[in-house]
Amino acid sequence: MNNLAILKIGGSVITDKHSETPKVNLEVLHRIASEIAEAYDKDSMSLILIHGAGSYGHQIVKKTGIHKGINNYEQLLAFAETQRLQNELNSIVTKVLIEKGLPAIPVLASSHAVMEAGRLVKMDVETIKGFLSIGLIPVLYGVPAYDRKQKCSILSGDQIAPFLAEKLNARKIIHGTNVDGIFTANPKEEPNARLIPEINSENFDEIKRMLGGSSAVDVTGGMFGKVMEIIELLKKGVNVEAVVINAEKEGNIKDALRGEIKRGTVIRLR
Ligand code: ADP
């Protein structure tokens, strides 16, 4: 695919992740959409957007346990309601993107994804390819999905990004989160945590050990999950560059889409 970038915006950025009820950070969403619109050059790049669920997903999933599987009718209802909530958030996100002049088209991953024990094993990408080829910007999002072992598991944006990067030959994956990058420990809890500027084949395993203890695990694996997904992809030999940046700081998304990283973590093969 022509110069494809995959930009994932964390649920903790566009929503208030700690709110008990679903709540969008509208101001942040507008600012990020404007940055994307400024950086997106339709003639020289292709773009896929993915967003997380934040308070539209984590609370209901934690409460009902559907990420671990479905055992009763109540959980089936929760599966359906969780999906509906994700669609609601996606509608808000795409509305703002379209208002900024971006041809953002929703793609519901769970209508054709198959999971197995929490891992994405199959997802058709022909439609996404077609959308990109005519100039649309597919917008995917974390969703509850059919799982052939446990009936339901969560297909996170963090899993979708590397899957699509491999299938569609993306040049880069950008993770816009609410911290400056990957640190030696959780920077929200450890004031002495240091930013790791680069993760590569030489320090993969060391980083894995370090993060194993530090991660604030949410239902989709948190920062640890994000990094592991990318490392696994690189270990398979997929040559994509991934960056983790702070999407809460103005200008970072625009810079990253233009290939300029002032502060963040780059993950690549070396
Ligand atoms: P998103 O919603 O953007 O996908 P997550 O909530 O999944 O983001 O992960 C980001 C959070 O991970 C940060 O807010 C941070 O508190 C936490 N975290 C835990 N360990 C680390 C670490 N070693 N480096 C950076 N962030 C970490």
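Remember, it's 1-based here, ligands and their atoms both numbered in the order they're listed. Source: prediction; values computed, not measured.
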What do we get for Pro187 next to ligand 1 when only non-hydrogen atoms under 4.0 Å count, side chain, backbone, both or neither? side chain

What I'd like to find out is whether the side chain of Thr15 reaches to under 4.5 Å of the side chain of Lys23, using heavy atoms alone. no

Taking only non-hydrogen atoms of Thr177 and a 4.0 Å limit, the atoms of ligand 1 in range are 3 (O)

Under-4.0 Å heavy-atom contact with ligand 1, by part of Glu189 that carries it: neither

Which ligand 1 atoms does Lys8 reach within 4.0 Å, using its non-hydrogen atoms? 4 (O)

Carefully, step by step, assess Asp205 and Lys235 under the rule salt bridge (charged side-chain N to carboxylate O under 4.0 Å, His left out). CA-CA 11 Å; Asp205 294 322; Lys235 279 191 170 172; 3.4 Å; yes

Single hit among Asn252, Asp255, Asp180 for side chain to side chain donor-acceptor pair (under 3.5 Å) with Lys262: Asp255

Which one of Lys17, Met210, Lys188 has a non-hydrogen atom at the shortest distance from atom 5 (P) of ligand 1? Lys17

Compute the minimum heavy-atom distance from Asn178 to ligand 1 and say whether it is under 4.0 Å. yes

Kindly compute the distance separating NZ (Lys188) from CE (Met223), expressed to the nearest 0.5 Å. 9.5 Å

Residues at least two apart in sequence or cross-chain that pass salt bridge (charged side-chain N to carboxylate O under 4.0 Å, His left out) with Glu27, listed by chain then number, are none

Using a strict 4.0 Å cut-off to heavy atoms of Phe183, name the atoms of ligand 1 that fall inside it. 22 (C), 23 (N), 24 (N), 25 (C)

What part of Lys226, side chain, backbone, both or neither, has a heavy atom within less than 4.0 angstrom of ligand 1? side chain

With a 4.0 Å cut-off on N to O distance, would you call Glu232 and Lys236 a salt bridge? no

Under 4.0 Å from ligand 1, counting heavy atoms only, is it the side chain of His175, its backbone, both or neither? neither

Backbone, side chain, both or neither: what part of Asn186 comes under 4.0 angstrom of ligand 1, heavy atoms only? both

Those residues at least two apart in sequence (or on a different chain) that pass side chain to side chain contact (heavy atoms under 4.5 Å, CB included) with Glu229 are Arg119, Gln159, Pro162

Positive for side-chain contact (heavy atoms from CB on, under 4.5 Å) with Leu47, one of Leu136, Ile6, Ile174, Ile36: Ile36

Using heavy atoms and a 4.0 Å limit, tell me yes or no: is Gly181 in contact with ligand 1? yes

